[in-house]
Protein chains: 2
Amino acid sequence: MRPSQALRLWQQVLLSQVREGAPDLTMRQTAILLTIYLDPPPHTVRGLAARLNVTKPVITRALDTMGALKLVSRHRDELDKRNVLIRRTVEGALFVERFGDGIVARAHELPI
Amino acid sequence: MRPSQALRLWQQVLLSQVREGAPDLTMRQTAILLTIYLDPPPHTVRGLAARLNVTKPVITRALDTMGALKLVSRHRDELDKRNVLIRRTVEGALFVERFGDGIVARAHELPI
DNA sequence: GCAAATTGTTTCGCTTCCGTTTCAGTCTGC
DNA sequence: GCAGACTGAAACGGAAGCGAAACAATTTGC
């Protein structure tokens with residue numbers, strides 16, 4: 001893959017997302033979402049903050065927003081009640097799945 | 001490319017952008033930026049709004065933000081002074097170029 | 001048992017973004 | 001020449017983001 005092709009792919013994927021009215025997530029939020037769905041659980045606020053090299057409130061706020069969109073859910077860890085475990089949701093899994101399919105579809109549409 | 005690989009690539013690219021402190025653009029802003037740099041000029045507010053299927057103020061505000069970041073610049077069209085022509089900048093071109101290189105680099109790092 | 005450490009959230013003041021509506025400036029058609 | 005159309009920006013109230021600091025709740029270490 002050449003950089004020009006990569007950029008074109010990225011553009012086409014974003015354009016399709018924007019046009020179909022998908023939630024306008026920031027880069028950080030999308031990174032958090034994909035990490036939750038691709039990396040093995042459990043996921044904690046602290047762990048995500050370390051993985052993304054951002055502060056904890058950034059994670060908390062992103063979870064607020066994506067929780068309202070039902071893309072993720074939060075549950076108190078019963079073994080260590082300081083922790084919050086972030087879990088996947090049906091809606092979130094569907095969103096991520098469709099997103100992945102969208103990338104593949106746009107990749108196939110690209111000129112060679 | 002399979003969906004799981006596509007998602008993993010997307011995650012790795014976003015993670016690298018977030019970790020290195022790149023500006024936290026929204027999906028819409030990134031779509032606008034890439035369209036300006038990949039599609040042939042001239043670019044107008046109205047044209048971009050139509051291409052992304054969003055309202056004009058969305059474009060105006062995104063240009064405000066990305067203009068402050070020096071990723072794009074605005075110039076009044078001298079032939080039709082109602083129009084504003086959006087132009088590329090050196091900083092923006094560098095940002096987009098590095099972004100494209102980043103995608104290719106993450107693609108090469110991926111497990112087969 | 002109790003100070004210290006750890007976790008996630010909240011608060012502060014500020015900036016940015018939203019959709020909708022309104023506006024100023026410019027062109028077009030007749 | 002002038003009404004109407006068109007373009008981009010500004011105004012509005014509201015929502016959400018930021019970094020830094022302070023906070024409650026919980027666990028740990030001694």
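Note: hydrogens, waters and symmetry copies are ignored here, and every other heavy atom, side chains too, is used. Quick note on labels: first sequence line is chain A, next is B, and so on, each numbered from 1.
Applying the 6.0 Å contact sphere to CZ of B:Arg19 captures more than 12 heavy atoms from other residues, nucleotides or ligands.
In this view, A:Asp80 and A:Arg82 satisfy the salt bridge (charged side-chain N to carboxylate O under 4.0 Å, His left out) rule, not counting sequence neighbours. Not counting sequence neighbours, the partners of B:Glu109 by the salt bridge (charged side-chain N to carboxylate O under 4.0 Å, His left out) test are B:Arg106. Under the side chain to side chain donor-acceptor pair (under 3.5 Å) criterion, A:Thr55 pairs with no residue, sequence neighbours left out. Scanning for side chain to side chain donor-acceptor pair (under 3.5 Å) contacts around A:Thr35 gives B:Gln11, with sequence neighbours left out. A search for side chain to side chain donor-acceptor pair (under 3.5 Å) contacts involving A:Arg74 returns A:Asp64, not counting sequence neighbours.
Looking at which nucleotide of DNA chain D each of A:Lys81 and A:Met66 is closest to, the 5′-most match is held by A:Met66.
Read 5' to 3', the first and last nucleotides of DNA chain C with an atom closer than 4.0 Å to a heavy atom of chain B are C:dT16 to C:dC27.
In this structure, CD1 in B:Ile36 is found 5.5 Å from CG in B:Leu63, a value given to the nearest 0.5 Å.
A:Ile59 pairs with exactly one of A:Thr44, A:Val84, A:Ile32 by the side-chain contact (heavy atoms from CB on, under 4.5 Å) rule, that one being A:Ile32.
Sorted by first then second residue, the ring pair (Phe, Tyr, Trp, His ring centres under 6.0 Å) pairs that include residues 75-112 of chain A, not counting sequence neighbours, are A:Phe99-B:Trp10. Among pairs with a residue in residues 36-61 of chain A, those fulfilling salt bridge (charged side-chain N to carboxylate O under 4.0 Å, His left out) read A:Asp39-A:Arg51, A:Asp39-B:Arg8, at least two apart in sequence or across chains. Identified under the ring pair (Phe, Tyr, Trp, His ring centres under 6.0 Å) test for residues 25-71 of chain A, with sequence neighbours left out: none.
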Restricting to nitrogen or oxygen on both sides, can you table the protein-nucleotides 6-12 of chain D pairs closer than 3.5 Å?
residue : atom : partner : partner atom : Å
D:dT7   : OP1  : B:Arg46 : NE           : 3.2
D:dT7   : OP2  : B:Arg46 : NE           : 3.1
D:dT7   : O3'  : B:Asn83 : OD1          : 3.2
D:dG8   : OP1  : B:Val45 : N            : 3.3
D:dG8   : OP2  : B:Arg46 : N            : 2.7
D:dG8   : N7   : B:Lys56 : NZ           : 2.5
D:dA9   : OP1  : B:Arg74 : NH1          : 3.0
D:dA9   : OP2  : B:Thr60 : OG1          : 3.0
D:dA9   : OP2  : B:Arg74 : NH1          : 3.3

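Tracing side-chain contacts under 4.5 Å through hydrophobic residues (I, L, V, M, F, W, Y), one reaches B:Met1 starting from A:Leu34; they form part of the same cluster.
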Inset, instruction - Check step by step if side-chain contact (heavy atoms from CB on, under 4.5 Å) holds for A:Val54 and A:Leu48. - result: CA-CA 8 Å; A:Val54 295; A:Leu48 290 171; over 6 Å; no

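Contact annotation for B:Leu79: backbone-only contact, meaning every heavy-atom pair under 4.0 Å involves sugar-phosphate atoms and none involves a base.
Rounded to 10°, the helix from C:dG1-D:dC30 to C:dC30-D:dG1 has 10° between the axis fitted to its first five pairs and the one fitted to its last five.
Of the residues in residues 22-30 of chain B, not one places a heavy atom less than 4.0 Å from an atom of DNA chain D.
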